[in-house]
Amino acid sequence: MRAALGTWYRAHRRRLPWREAPSLYKTVVSEFMLQQTQVETVLPYFARWLKKFPSFAALAAAREAEVLKLWEGLGYYRRARLLHALAREFVKLPATPRTPEAWRELPGVGPYIAAAISSIAFGAPAAVVDGNVVRVLARLLGERREFKDGSAAVKFFTPAADTLLDDAHPGDHNQAMMELGATVCTRRNPLCTVCLLVTWCAAAARGEAEDLPRFAAKKTIRTELVRLWIERDGKLLLHRRAPTARRLAKICELPDAAALPAAKVEKTPLAVKRRTIVNQLFIESIHRATLPPGSTDPIKNLSSGLLWAAPARLARLTLSGPHRKWIEELRK
């Protein structure tokens with residue numbers, strides 16, 4: 001089975017920029033970007049990133065604002081901050097870490113990234129287990145149990161991944177398992193008829209591949225927000241989240257109505273938008289609003305996080321991906 005997987009991967013793997021003329025730096029950047037993000041989304045970001053920050057040293061020397069701006073729209077901004085912190089720690093090291101244990105000492109590196117980097121870049125015998133690998137193993141083994149979440153599934157299938165690992169070619173083996181899950185053993189409509197592992201697959205034999213793996217249903221948390229569109233002298237009012245915010249720290253969005261209770265808000269929204277973050281559904285209605293005549297400029301309160309942005313400044317600021325898109329739509 002390992003031999004078949006290796007042969008398939010060499011013949012059918014996608015030609016991706018971090019695989020062609022590979023380097024340690026490319027591997028690290030790609031692994032951070034690919035967390036919870038599809039390859040097609042990552043590709044243009046990866047190209048721009050390598051052009052702006054071609055090495056650990058270049059990234060380490062950059063300002064955080066530059067890093068976040070280049071990451072804008074890719075989401076999960078904590079990844080960008082951790083990658084930046086990793087680069088700053090990496091350039092201080094007396095020697096390049098080569099084992100999973102050594103990589104886990106660096107910021108943002110958990111078991112998955114540590115195994116991926118060390119196996120791909122240095123041939124360390126460490127199995128990678130991500131969502132794609134979980135799906136492949138669950139179907140191969142015909143495992144029907146229901147998992148609480150992805151972390152529980154990763155923990156359960158790690159021993160199987162370790163057993164299956166090709167110690168002679170761990171990097172290629174790990175990439176082959178992930179590639180198979182991404183392109184053939186897909187979540188919906190898996191291509192069992194052309195899958196190289198169908199001979200060994202318990203789920204395919206029972207005709208239940210699409211039903212596995214099984215996860216407990218997560219309750220969707222619905223949150224409704226009123227966002228304000230306030231303009232003055234050609235400038236748009238924005239809110240920048242605090243540096244200590246749990247989500248979207250230092251990232252700008254349209255202000256929440258709750259932050260400006262004195263604003264006069266039009267009843268009919270300019271637009272109603274939806275976005276989903278994990279199991280949270282945000283419904284955001286954007287309303288035109290004005291500040292009462294003679295009211296104190298809200299940005300004079302330094303703790304408010306509010307700021308006026310002219311078009312030129314708006315282009316330089318880092319906004320959340322959805323709000324950048326919505327603002328551009330509404331400005332047109």
Side-chain angles (χ1 to χ4, degrees), residues 29-46 49 64-65 67-85 107-113 130-132 134-135 147-154 181-182 186-188 213-229 238-259 269-287 305-306 314 317-330:
V29 172
S30 66
E31 290 301 333
F32 270 76
M33 287 188 170
L34 287 167
Q35 293 178 75
Q36 304 182 66
T37 307
Q38 295 182 344
V39 167
E40 293 74 16
T41 302
V42 164
L43 288 172
Y45 283 91
F46 185 83
W49 189 276
E64 184 182 83
V67 173
L68 293 177
K69 180 61 179 174
L70 206 59
W71 198 275
E72 182 184 276
L74 198 54
Y76 301 101
Y77 290 86
R78 187 167 179 268
R79 295 179 296 173
R81 292 188 175 89
L82 289 171
L83 178 55
H84 190 206
V109 179
Y112 161 74
I113 288 186
D130 69 349
N132 286 318
V134 162
R135 188 163 56 253
F147 297 99
K148 180 181 70 173
D149 53 29
S151 296
V154 166
T186 51
R187 184 181 177 190
R188 296 281 177 256
R214 298 176 62 216
F215 292 97
K218 285 187 177 180
K219 182 180 179 181
T220 299
I221 301 171
R222 178 187 174 107
T223 302
E224 296 189 14
L225 297 171
V226 175
R227 299 288 189 175
L228 301 184
W229 183 277
L238 297 176
H239 176 254
R240 179 189 281 133
R241 288 181 179 262
T244 56
R246 187 177 64 85
R247 188 174 62 83
L248 297 176
K250 298 184 182 180
I251 306 300
C252 294
E253 295 191 326
L254 292 169
D256 189 330
L270 294 170
V272 178
K273 300 292 187 178
R274 294 171 175 248
R275 58 172 162 168
T276 302
I277 302 176
V278 192
N279 65 323
Q280 290 184 287
L281 170 63
F282 293 91
I283 301 175
E284 304 180 43
S285 57
I286 304 171
H287 296 251
L306 295 166
L314 187 63
L317 291 169
T318 303
L319 278 70
S320 69
H323 276 242
R324 169 73 69 186
K325 180 181 178 182
W326 302 342
I327 288 170
E328 290 178 352
E329 289 176 359
L330 289 170

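In this chain, numbering begins with 1 at the start of the sequence shown. All heavy atoms count here, side chains included; hydrogens, waters and symmetry mates do not. None of these values were measured; they are calculated from a predicted model.
R79 and T37 are linked by a side-chain donor-acceptor pair at a separation below 3.5 angstrom, with hydrogens and angles left out of the test. Side-chain N/O atoms of Y112 and Q35 include no donor and acceptor closer than 3.5 Å.
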Please lay out, stage by stage, how R227 and E284 fare under the test salt bridge (charged side-chain N to carboxylate O under 4.0 Å, His left out).
CA-CA 6 Å; R227 299 288 189 175; E284 304 180 43; 2.9 Å; yes

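Taking 4.0 Å as the cut-off between side-chain N and carboxylate O, E253 and R247 do not count as a salt-bridged pair. Between E72 and K69 there is a salt bridge, since at least one side-chain N of the basic residue sits less than 4.0 Å from a carboxylate O of the acidic one.
To the nearest 0.5 Å, atom CZ of residue R78 and atom CG of residue L248 are 13.5 Å apart. Note that the NE2 atom of H239 and the CG atom of D256 stand 8.5 Å from one another [nearest 0.5 Å]. Distance CG/L34 to CG/L74: 9.0 Å, rounded to 0.5 Å. How far SG of C252 is from CG of L317: 4.5 Å, rounded to the nearest 0.5 Å. Taking CD of E64 as the start and OG1 of T318 as the end, the distance is 9.5 Å to the nearest 0.5 Å. Considering OG of S285 and NZ of K273, their distance stands at 12.0 Å, rounded to 0.5 Å.
The backbone N or O of L330 sits nowhere less than 3.5 Å from a side-chain atom of W326 that would complete a donor-acceptor pair. For R240 (side chain) and G305 (main-chain N/O), no donor-acceptor pair under 3.5 Å exists by modelled atom type. N279 places a side-chain N or O within 3.5 Å of a backbone atom of K219 that can act as its donor or acceptor partner.
Residues R324 and L319 share a closest heavy-atom pair of NH2-CD1, 3.5 Å. Minimum heavy-atom separation, G181 to R135: O-NH2, 2.8 Å.
Looking at F46, W49, Y45 one by one, the single match for ring-ring contact (aromatic ring centres under 6.0 Å, His included) with W71 turns out to be W49. Across L225, T276, I221, a single residue satisfies side chain to side chain contact (heavy atoms under 4.5 Å, CB included) together with F282, and that is L225.
Relative ring orientation between F147 and F215 is described as tilted, the plane-to-plane angle lying within the 30° to 60° band.
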